[in-house]
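Just below is one structure, and these are the notes that go with it.
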Number of protein chains: 4
Amino acid sequence: MRKTPRQARSRQMVDRIVAAGRDVLVSDGYDAFSTNRVAAAAGVSPGSVYQYFPDKAAIVDVVVDRYWDDVAEKVAAALADRIGTFGPAMVRDTADALIAALEDDPAVLRVVAEELPISRNRDRLTVLERRVRDLVATFLAARPETSHRPDPAVTAWVVVIALEQLAVRWVLDQPPVTRDQLVEEILALVSGYLSFGDR
Amino acid sequence: MRKTPRQARSRQMVDRIVAAGRDVLVSDGYDAFSTNRVAAAAGVSPGSVYQYFPDKAAIVDVVVDRYWDDVAEKVAAALADRIGTFGPAMVRDTADALIAALEDDPAVLRVVAEELPISRNRDRLTVLERRVRDLVATFLAARPETSHRPDPAVTAWVVVIALEQLAVRWVLDQPPVTRDQLVEEILALVSGYLSFGDR
Amino acid sequence: MRKTPRQARSRQMVDRIVAAGRDVLVSDGYDAFSTNRVAAAAGVSPGSVYQYFPDKAAIVDVVVDRYWDDVAEKVAAALADRIGTFGPAMVRDTADALIAALEDDPAVLRVVAEELPISRNRDRLTVLERRVRDLVATFLAARPETSHRPDPAVTAWVVVIALEQLAVRWVLDQPPVTRDQLVEEILALVSGYLSFGDR
Amino acid sequence: MRKTPRQARSRQMVDRIVAAGRDVLVSDGYDAFSTNRVAAAAGVSPGSVYQYFPDKAAIVDVVVDRYWDDVAEKVAAALADRIGTFGPAMVRDTADALIAALEDDPAVLRVVAEELPISRNRDRLTVLERRVRDLVATFLAARPETSHRPDPAVTAWVVVIALEQLAVRWVLDQPPVTRDQLVEEILALVSGYLSFGDR
DNA sequence: TATGAATGAGCATTCATTCAT
DNA sequence: CATGAATGAATGCTCATTCAT
């Protein structure tokens, strides 16, 4: 007749703390992020935080990790029903999925992308990178006859950076560009790049 | 019997403090950046710092501003003797100039781009933006007959973001891409993008 | 189906906790001595500790008490088969027995004598005191004809303090004095003192 | 017309903090000794403490050092006008001077001798040791014809420990021994020891 | 009984900022 | 102007103790 099984209770505490961490990050900013504030926001004592996290940095790390995992999951989900698309359509779909995922929580994106030491975000790109590598590969496979970029690894690196940064800046800076326009421009950028040298 | 006029002395103090700020930022990192440390590094008392800067943030702001001004100046200087180039050559020159400027002080670039809250970098892009706007305009002027990007403002926004981020990441992440490769890829990216839709 | 009667189980818990307390004291020192650590070392939950000890200090007290009881027991045992010796021989035997007892566990002696608030050691001397009182009495009884110390209680107090401290410091400070030398010096000190005024 | 010259002000702060440290140690005990409490007792902010002491331990060290310096000074002063005394008189004088010095501040003596990790007191004995070495040497010089302790270094070690501990315990434990009795017993102890073997 | 999650007061320390000199 | 001693709020973190299960 246990109300909260041991495992679940831990899980719940971690979740509460992470949620509170996210909130503090969003509303107070990274500089004002303190363990005491997180504890207060979680309705928990400072000591309790340390039963679940070894130190302050670990809380931030989990918040960031969860955010990017979330984004990756959304991108994967959005693309799941479109497998099989090729070339341009795939670019469009990927850009669209990424933008959509980033639009979901701009507040955290702002903190994560703009306030955090980049080191905390270092390993987050794996999923996007894999996706882009595939994208580049299938795109090129669809146009085997043409002359194009020589080194696929370099090409993927270029596309990842451009794609990611365009999506992030669009969400955060709200430039005078519509969402559809953005997707079209990304399509043009990537397509033009990948086919460059065609004749 | 005053050696230096008041104005000049102020200027000198500001310079000392900013230089010290830069050094502290580079060697200790943003987290360890403290007014006391800056004062010590400048050989000045903490109180004096507050005669020239309202608070700690203002010091960082000036360091960042000066850094980006410096970059802008270098880019402008590098391009000064190449005015009149068109299209692809201009893209190449711009990319090259930007990379060169960023390579000059990677230590500060690292702090500025990776550790600082991005808000501090907000207004830095004006020069680069103007330059890229010109670049886009002249490029398109060279190919007036072709169909290409519809909105020059949007196009410039896209190119700025991609160009800047590629140059920054290349300098900071040292990816397995040579400098020449990078310039070629940027050229391909921008040229492909700007001419996309040509036939 | 209870394996161990309640009483015995309590006893066992207390023993585990005290043993763990001793270990923590020895390996981590008094400053790092914490109830949680003791509980962990005992393989017991922190809550359980409080079923047997009212607070942290009580654990230390028992560790200390047991240590001194142990020493007292060893001294008594060592002297048991030498009852009947008189004067100098008895001094020598007592000194020897005490040194031997202290040598048995220098690690705990160090903590108990050097790190603990001495108040915790307050009542430990009873056995040694009684033994020394006897020693003084028999010594004097062996030389009834001579003039010597007037007040046996004071005399015993002096001898206890000197004897104990010499033995403890010798064990802990490892001075350049051999064990035999030490015993000889103690003998000289005590004998000289007790017979002082002889002619 | 400066009220407090720079040097003097520092000195004054250090003194205030050390005095507060002493008071906290005496009234709250070593376990409750905290930087915040010291700061409060000194009527100073916690931050100020750290302008004069690198950490908590440093405050304790200075308190202890000052205490023992003080004792050493008093002993030296008390003996200054008695130089030239020999043998028994010198023992009496030394014992008397030491007891007097320790009696002056039993509260601090209690903390220093009973609550502090002994390591903090390690180097304090130099003065007493030198004094005792001299004492032993002159004593023996006065009785060159007699047989006595073989190793002067060992002899001095024994006398230091006994003398110091007897004086300290007498002050702190208030045993049923008068001050004069104590001095007489110490004289008997030391004299008997040093002349032991005489005939 | 035994548990161990939760507590929260407390600690040592830092640092942006002020202000009397 | 320049100083730098002084501040004190705030920080990350610990640990003796409690109490619901």
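Here is how names work: the chains are called A, B, and so on, in the same order as the sequence lines, proteins then strands, and each is numbered from 1.
- For the salt bridge (Lys or Arg N to Asp or Glu O under 4.0 Å) with C:Arg22, the qualifying choice from C:Asp105, C:Asp65, C:Asp70 is C:Asp105, the only one to do so.
- Rounded to whole Å, atom P of E:dA6 lies 9 Å from atom CZ of A:Arg16.
- In this structure, A:Phe53 atom CZ and F:dT14 atom P are separated by 15 Å, rounded to whole Å.
- The closest donor-acceptor contact from the side chain of A:Glu115 to the backbone of A:Tyr30 lies under 3.5 Å.
- If you run side-chain contact (heavy atoms from CB on, under 4.5 Å) between A:Val18 and each of A:Val38, A:Val62, A:Asp23, only A:Val62 comes through.
- One interatomic measurement links the two molecules: CG of D:Asp28 to P of E:dG10, which rounds to 13 Å at whole-angstrom precision.
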Check: What would the secondary structure line of DNA chain E be in dot-bracket form, counting Watson-Crick and G-U wobble pairs under 3.5 Å, with [ ] for pairs that cross earlier ones and | for pairs with another strand?
Finding: .||||||||||||||||||||
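- The interatomic distance linking C:Asp31 (CG) with F:dA16 (C1') rounds to 16 Å, in whole Å.
- Between C:Asp15 and C:Arg66 there is a salt bridge, since at least one side-chain N of the basic residue sits less than 4.0 Å from a carboxylate O of the acidic one.
- Of the possible donor and acceptor atoms, none in the side chain of D:Arg37 sits under 3.5 Å from a partner among the backbone N and O of D:Val24.
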Note to self: Can you build the contact string for nucleotides 7-13 of chain F? Use B for base contact, S for sugar-phosphate-only contact, and - for no protein heavy atom under 4.0 Å.
What the structure shows: BB--SBB
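- Considering B:Val111, B:Ile59, B:Asp28 as possible partners of B:Phe33, the one that fulfils the side-chain contact (heavy atoms from CB on, under 4.5 Å) test is B:Ile59.
- When all heavy atoms of A:Asp55 and A:Tyr50 are compared, the closest pair comes out as CA-CE2, 4.0 Å.
- For the side-chain contact (heavy atoms from CB on, under 4.5 Å) with A:Leu25, the qualifying choice from A:Val64, A:Val63, A:Val112, A:Val108 is A:Val63, the only one to do so.
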